[in-house]
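In what follows, a structure is listed as structure tokens, so that the remarks can point back to it.
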Amino acid sequence: MIKTETEETESKRELIVPGEAIIKGKDYLPGDGARREGEEIIATRFGLSDISGRLVKVIPLSGIYMPRIGNVVIGRVIDMTFNGWIIDIKAPYLAFLPLAECPKYVRGDLSEYHDIGDMICCKVLSFRGKGVDLTIMGRGLGKLEDGMIIYINSNKVPRVIGRDGSMINLIKEETKCEIVVGQNGLIWISGKTIEEELKAKEAILFVVEKSFVGGLTEKVKEYFGGKK
Amino acid sequence: MAYTKRFDGRKFDEPREMEAKVGVIKNADGSAMFRFGDTIAVAAVYGPKLFHPQHMQNPQKGVLRCNYDMLSFSVNERKKPGTSRRSQEISKVTEWALSSVVNLDSYKNTVVDVHIMILQANASTRCAGINAAALALAHAGISMKELVSSVSIGKIDDKLVVDVIKEEEDYEDGEGATDIAMAFMSKSGDIALLQLDGKIRPAELKEAIKLGEKTSKDIYELQKKALKKIGEES
């Protein structure tokens, strides 16, 4: 359901600042956060350079969430219109969830379905210059009831998920909580008891803090081992 | 009496001790501090974020807003807080200098706010402010073509000096003082800002720009080091 990024690739990663050349050569293609200038590939963002095959990109370390089509995000309903809901997804744009994108909607007041202040897990359907359109058609999408929401930097989300979801599955297993990680950095945790939820929260914050340590999954295993 | 020795004993082409630090303000999306001797500038970047009022939004590219201000305790004589003619001008030129490197195309309809505060002033505040703001923008993960490094070059009497201080600015003997604030882009070496206060001959101005270019390279190295330091920690 959630896109993952490989945790540790074979290629050497280096810290790079905007305007710094990452690599020289006509064969390489500039990806996200990079541009070509003559022979060189130059970074346009501050982050870690990543060369996988011919593609050269920069993995940003900071910055706020920019929506992308297909991203699963968590947002809060902040307003209602006659044909849908306006949702804050912690991006520089407001998101709109149209009524037509809601399954099993029965006639009546919109607020009976999603009210102001509700947290919703949704998918980015389209993103144009002005505003984001969302959908909740799909498995695992919809209103999030109970539980707690925590917020992390969206750039750390791939770390929290881990390779093929290894990290998040480990945390889920260890804490017996249901966890949904939105690409925008909002994370929903729901467990049987508050203690379990807090344990999961602590573990996620641990991952965020130690996000640049190699072999992080092992470290988290140790972390859980120490807690018992 | 000609100007043969600088007030603080520096060489003519020697800048003051510089320091750069990234991530000084926790709540900002990006922040940095830059110091030239006892001139301290702190910059904070917020955004890209929703732009209100809506009629000011630009659907073609993002908007960069800069706000430069000297704090009331930054100078010996208390400065009246708030904007002034001077601070408005500096905000504007900083905005122009920075918008030549920021890729605003990727932030349509949004705004990026840059706040520059001068904690302590001893000339060259706009240069310190631009240096700090460039770092803060990079730290905020904003897409940029390159960094900018800024330095002030002065002509005191008939001598070209790097990194002017207040006493030099007020020098009146001989040909008097000329203060040239300039900013260079790190990769292309283009000029992002060039302001001149005083009088100078064209040949000397060319020489001054060359001197500024040389110093800006050192500043760039320092900025790069500061950014990489914060990158290793996070």
Side-chain angles (χ1 to χ4, degrees), chain A residues 13-22 30 32-38 40-49 57-68 78 86-95 127-132 152-156 159 185 208-213, chain B residues 22-23 28-32 45-52 54 57-62 101-103 105-112 134-149 184-190 220-221 223-234:
Chain A
R13 284 179 176 179
E14 259 175 63
L15 275 164
I16 215 108
V17 302
E20 210 179 349
I22 304 172
D32 279 353
R35 77 190 150 95
R36 169 174 287 285
E37 200 180 284
E40 290 171 320
I41 304 283
I42 291 164
T44 58
R45 283 186 82 169
F46 167 56
L48 291 166
S49 65
K57 62 174 183 176
V58 176
I59 302 164
L61 295 176
S62 51
I64 66 170
Y65 172 71
M66 287 301 259
R68 285 204 167 185
I78 53 169
I86 292 172
I87 292 168
D88 174 20
I89 55 167
K90 293 235 175 203
Y93 305 94
L94 282 179
F127 168 47
R128 280 159 289 118
K130 205 167 192 163
V132 179
I152 62 162
N153 187 325
S154 64
N155 296 292
K156 309 280 189 197
R159 287 286 150 156
V208 171
E209 201 183 307
K210 298 262 188 295
S211 58
F212 280 91
V213 178
Chain B
V22 177
D29 294 316
S31 61
V45 171
Y46 296 87
K49 58 185 183 182
L50 211 60
F51 195 5
H52 276 296
Q54 244 184 41
Q57 289 182 358
N58 187 344
Q60 263 130 43
K61 58 182 191 142
V101 292
V102 177
N103 291 328
D105 303 0
S106 29
Y107 305 111
K108 293 178 178 75
N109 283 315
T110 63
V111 62
V112 178
L135 284 175
L137 280 167
H139 183 226
I142 308 274
S143 173
M144 295 163 90
K145 287 189 197 83
E146 48 209 315
L147 286 177
V148 263
S149 316
F184 298 90
M185 299 183 197
S186 62
K187 175 84 186 159
S188 57
D190 290 351
Y220 170 61
E221 289 304 318
Q223 284 174 312
K224 209 159 85 175
K225 220 169 91 191
L227 270 174
K228 293 199 174 177
K229 192 162 168 263
I230 196 82
E232 271 156 25
E233 282 164 14
S234 67

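Remember, it's a predicted structure, so these values are computed and weren't measured experimentally. Each chain gets a letter, A, B and so on, in the order the sequences are listed, and its residues count up from 1.
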Rounded to the nearest 0.5 angstrom, the OG1-CE distance for B:T110 and A:M66 is 6.0 Å
Okay, B:A140 and chain A: the region with an atom under 4.5 Å from a heavy atom over there is backbone
Applying a strict 4.5 Å limit to non-hydrogen atoms, the region of B:Y107 in contact with chain A is both
Checklist entry - If you count the non-hydrogen atoms of other residues, nucleotides and ligands that lie under 6.0 Å from CZ in A:R128, is the total more than 12? => result no
Bottom line for B:P59: the part with an atom under 4.5 Å from chain A's heavy atoms is neither
Under 4.5 Å to a heavy atom of chain B? For A:A43 that would be backbone
Cut-off 4.5 Å, heavy atoms of chain A, and the answer for B:K49 is backbone
The interface call for B:Q57 against chain A, heavy-atom contacts under 4.5 Å, is side chain
A:E14 meets the side-chain contact (heavy atoms from CB on, under 4.5 Å) criterion, sequence neighbours left out, with A:K12, A:S49
Taken to the nearest 0.5 Å, the spacing of B:E146 CD from A:E37 CD works out to 7.0 Å
Residues passing the ring pair (Phe, Tyr, Trp, His ring centres under 6.0 Å) test with B:Y46, sequence neighbours excluded, are B:H115
In this structure, NZ of B:K228 is separated from CZ of A:F46 (nearest 0.5 Å) by 9.0 Å
If one checks every heavy atom of A:L94 against chain B at 4.5 Å, the contacting part turns out to be both
From the list B:S106, B:A134, B:S186, B:P48, the residue making the most non-hydrogen contacts under 4.5 Å with chain A is B:P48
Cut-off 4.5 Å, heavy atoms of chain A, and the answer for B:I142 is backbone
On a heavy-atom basis, the closest approach of B:K108 and A:Y93 is O-OH, 2.6 Å
When the 4.5 angstrom heavy-atom criterion is applied to B:S188 and chain A, the contacting part is neither
Quiz prompt | B:H139 backbone acceptor or donor facing A:S62 side chain under 3.5 Å | solution = yes
One should read off an interatomic distance between B:K229 NZ and A:L15 CG, to the nearest 0.5 angstrom, of 13.0 Å
